[in-house]
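A short write-up of the structure that comes next.
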Amino acid sequence: MSDTHPKRFSVTTPLYYVNGLPHIGSAYTTMAADALARFHRLRGAAVLLITGTDEHGQKIQRTAEQRQLAPQVHCDEIAAGFIDLWQRLNIQYDRFSRTTSDRHTSIVKEFFQRVWDKGDIYLSQQQGWYCVDCEEFKEARDLLPGQVCPIHTHRPVEWRDEQNYFFRLSKYQAALETHYANHPDFIQPDGRRNEVLSFVKSGLQDFSISRVNLDWGIPVPMDPSHTLYVWFDALLGYITALLEPDEAPTLENALKTWWPINLHLIGKDILRFHAVYWPAMLISAGLPLPGTVFGHGFLTKDGQKMGKSLGNTLDPVELVEQYGAEAVRYYFLKEIDLSRDGDFNETRFINIVNADLANDLGNLLNRTLKMALKYCEGKVPSIQSADIPEDIPLVQLAKSAGAESAAAYERLSFHTACEVALNLARAGNKFIDDQAPWSRYKAQDLDSVYQTLYVVLESVRLAAYILSPVIPSLSTKVYQQLGYGVDFNDWQALQVLQYAVHHQWGALPPGQALGQPEPIFQKLELASDMA
Ligand code: MSP
C-alpha cells in the first residue's frame with residue numbers, strides 16, 4: 001500500500017428528511033458513498049460510512065400531523081424504511097445517525113454553547129418568505145409568480161415576521177474565502193465550487209437559527225421559547241454519528257478519532273448549507289474543517305424532473321425487488337457521471353446491465369472457464385504472467401487498469417472506474433475471438449492456448465476486482481469461479497486479498513483449481529414484458 005492512501009477515511013451521506021419513504025435521490029447518494037467506502041476498505045483503510053435521518057422541523061411535524069401520528073412514531077416508522085432499503089441495496093454503513101436521539105441533543109447543546117460563548121449568536125427580527133419543503137428562507141427575486149418556490153411548486157411559500165436568533169455568518173466571509181483559496185479541493189466538482197465562490201463573493205448575510213411557534217425540534221438552550229432551526233441541528237448529526245455506541249455524548253468524545261470527516265457527499269441542492277454555513281459554524285466553534293464537500297448532480301426519469309405531484313417517481317424498493325441490487329447499483333454508478341445530472345430510463349437500464357454484466361463480463365468468464373475445463377483440467381494454466389509478451393494489447397490495457405481505476409475512484413468518477421473494467425472485458429472478448437484457442441487446440445499449439453486462457457482469465461479477475469466496490473456480490477461470484485474462497489461483502493476476511501497484488505495485472509496463481517462455470521448474471525427483462 002502506498003503512503004499516499006489515507007489510513008482512515010470517513011464519509012457521510014446527507015441525513016435524509018423523514019417526510020416520506022426514501023426516494024431514488026437518497027438511494028443514489030447512498031450507493032455512491034457505499035461504493036467509495038468499499039473502495040477505501042479494499043485498499044486497507046479503516047473506514048467510517050455515516051448515514052442517517054434528519055427528523056426535526058416544520059416539514060416533519062406537519063407530515064406527522066397529516067398522518068395523525070405523534071411525530072416520533074412517524075419518524076421511527078420512516079427511519080425503519082431507510083434502514084430496510086439500505087439492507088436491500090447492500091449498503092455497508094457503520095453509523096446511522098438520527099437527530100431525535102438524546103445523544104444528539106447533548107451534542108447540539110454543547111456546540112450551541114461554544115458558538116454562543118464566541119458571541120456569534122444574537123436576537124433580531126426575521127422577515128421573509130419561507131419554503132417549508134426546503135426548510136429555508138427564499139429571496140423574493142428567486143420566487144416564481146404567485147410566491148412559489150422554484151423547487152417546490154405545489155404550494156406557496158409562507159410569510160414570516162418573527163424574532164429569531166441569528167448566526168453571524170457575515171463575520172466569516174473572509175475566513176471562508178481564505179479556506180476555499182488554500183484548499184482547492186474543499187468544494188467539488190469545479191463547476192459547483194465556482195458557484196459557491198461567486199455566492200460568497202456577493203456578500204454573506206447572517207442567517208436565523210431558531211424558530212418560534214414550532215414544537216418539533218431542540219429548544220434553544222438559553223431561551224426555550226425558541227426551537228433550533230432544523231439545519232443547525234441536522235448538520236451536527238454528522239458529529240453525533242462519530243460517537244462510539246456506548247460513549248458519553250460529549251464533543252470531545254465525538255471528535256477524538258474520526259474528525260475531521262474526509263468527505264461529505266451530497267446533492268447539489270444542499271451545497272450552500274454544507275460548503276458555506278457548516279464550515280462557518282465549525283470555525284466559530286473552533287473546529288477543523290472537513291476535507292471535501294462533493295455536490296452530485298440530479299436524476300431525472302425519462303428526461304423529466306421527478307416528483308410526487310408529477311406522478312413519475314421511481315421507487316427504489318420496487319426497482320431492487322424487480323431487478324436486484326447489483327443491477328441497480330451498476331446502472332446508477334456506471335451510466336451516470338456523479339458530477340453531472342443523469343437520467344433513468346428503464347429500457348436503457350436493462351440494455352446496459354445486460355450488455356455489460358451478462359454479455360461482456362459474464363459470457364467471457366463462462367466461455368473461458370469452459371475452455372479451461374476442457375483444455376487444461378479446470379485449472380489456471382501454468383503460465384507465469386511475467387513470461388507473457390508485453391505487446392498484447394489486452395495485457396497493455398490490463399497493466400494500466402489498476403492505477404487508472406484507483407485514480408477514478410479517488411475523484412469519485414465511478415463511471416470511469418467501471419469503464420476501465422468493462423474495457424478489459426471487451427478487449428478480452430476480442431482477444432479470445434482473434435486467438436481462437438479452439439483451433440489452436442486442434443492444432444496442438446498448447447502453449448498458445450494456455451497463454452490465451454491465462455491472459456483472459458486474469459483480465460476477468462482484474463475487471464471483477466475493480467468493479468467490486470460497485471457490484472460486490474457479482475465480483476464475489478467471479479472470484480469464486482476463478483477458485484478463490486472470498487466474499488467481497490466480508491471486508492475483514494477480504495484483507496487476505498492484498499490490494500497491492502490484486503489491483504494489478506498478474507495476480508491469478510498458475511495452477512489454481514477453477515470453480516464450476518455458471519452464468520453470473522441472469523439477463524433482465526423489462527418488467528412489463530415479464531407478466
Ligand atoms: N435533510 C437534508 C439534509 C441534511 S444533511 C445534514 C436533506 N434531505 S433530503 O432527504 O431532502 O435530501 C437528501 C438528498 O437527496 C440530497 O442530497 C438531495 O440532493 C438528494 N436528492 C433529492 N432529489 C434528487 C434527485 N432527483 N436526484 C439526485 N439526488 C436528489 O436535504
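Ligands are counted one by one from 1 in listed order, and the atoms in each one are counted from 1 as well.
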Exercise. Looking only at N/O atoms, are Pro14 and ligand 1 under 3.5 Å apart anywhere?
Worked result: no

Problem set entry | atom 13 (C) of ligand 1 [closest protein heavy-atom partner, distance rounded to 0.1 Å] | Tyr16 CD2, 3.3 Å

For this session: Determine whether the side chains of Asn489 and Ser473 contain a donor N or O and an acceptor N or O closer than 3.5 Å.
Result: yes

Exercise. For ligand 1, which atoms have a heavy atom of His296 less than 4.0 angstrom away?
Worked result: 28 (C), 29 (N)

For this session: Could you tell me whether the side chains of Tyr16 and Thr30 share a donor-acceptor contact shorter than 3.5 Å?
Result: yes

Problem set entry | Trp231, any N or O under 3.5 Å of ligand 1 N or O | no

Exercise. Which is it for Asp54 and ligand 1 at heavy atoms under 4.0 Å: side chain, backbone, both or neither?
Worked result: side chain

Exercise. What protein heavy atom sits nearest atom 11 (O) of ligand 1, and how far off is it?
Worked result: Tyr17 CD1, 3.3 Å

Exercise. Counting from 1, what ligand 1 atoms have a heavy atom of Ile266 closer than 4.0 Å?
Worked result: 17 (O)

Exercise. Below 4.0 angstrom, N of the basic side chain to O of the carboxylate: do Glu244 and Arg95 qualify?
Worked result: yes

Exercise. For Lys305, is the nearest heavy atom under 4.0 Å from an atom of ligand 1?
Worked result: no

Problem set entry | Contact with ligand 1 for His23, non-hydrogen, under 4.0 angstrom | yes

For this session: For atom 18 (C) of ligand 1, find the nearest protein heavy atom and state the residue, atom name and distance (0.1 Å precision).
Result: Asp269 OD1, 3.3 Å

Exercise. Between Glu252 and Thr250, is any side-chain donor less than 3.5 angstrom from a side-chain acceptor?
Worked result: no

For this session: Among Trp129, Tyr130, Tyr229, Trp159, find the residue that satisfies the ring-ring contact (aromatic ring centres under 6.0 Å, His included) test when tested with Phe137.
Result: Tyr130

For this session: Compute whether any side-chain donor of one residue and acceptor of the other, for His104 and Asp233, lie under 3.5 angstrom apart.
Result: yes

For this session: Determine, using ring centers only, whether His274 and Tyr238 are less than 6.0 Å apart.
Result: yes

Exercise. For atom 31 (O) of ligand 1, what's the nearest protein heavy atom and its distance?
Worked result: Ile270 CG2, 3.6 Å

For this session: Using distance alone, with no hydrogens and no angle criterion, decide if Asp190 and Gln188 have a side-chain donor and acceptor under 3.5 Å apart.
Result: no

Exercise. Is Lys59 in polar range of ligand 1, meaning some N or O pair under 3.5 Å apart?
Worked result: no

For this session: Please write down residue, atom name and distance for the protein heavy atom closest to atom 26 (N) of ligand 1.
Result: Leu299 O, 3.3 Å

Seminar exercise, completed: Per-atom filter on ligand 1: closer than 4.0 angstrom to a heavy atom of Gly297 are 28 (C)

For this session: Write out the residue and atom name of the closest protein heavy atom to atom 3 (C) of ligand 1, then the distance separating them to 0.1 Å.
Result: Leu15 O, 3.2 Å

Exercise. Regarding Thr29 and His296, is there a side-chain donor-to-acceptor distance under 3.5 Å anywhere?
Worked result: yes

Exercise. If only atom types and distance count, is the side chain of Arg155 paired as donor or acceptor with the main-chain N or O of Val148 below 3.5 Å?
Worked result: no

For this session: For ligand 1, indicate whether the residue Phe273 contacts it via side chain, backbone, both or neither (heavy-atom separation under 4.0 Å).
Result: neither

Exercise. Looking only at side chains, do Thr51 and Thr13 share a donor and an acceptor under 3.5 Å apart?
Worked result: yes

Exercise. What residue and atom, counting heavy atoms only, is the protein's closest point to atom 17 (O) of ligand 1, and at what distance?
Worked result: Gly267 N, 2.8 Å

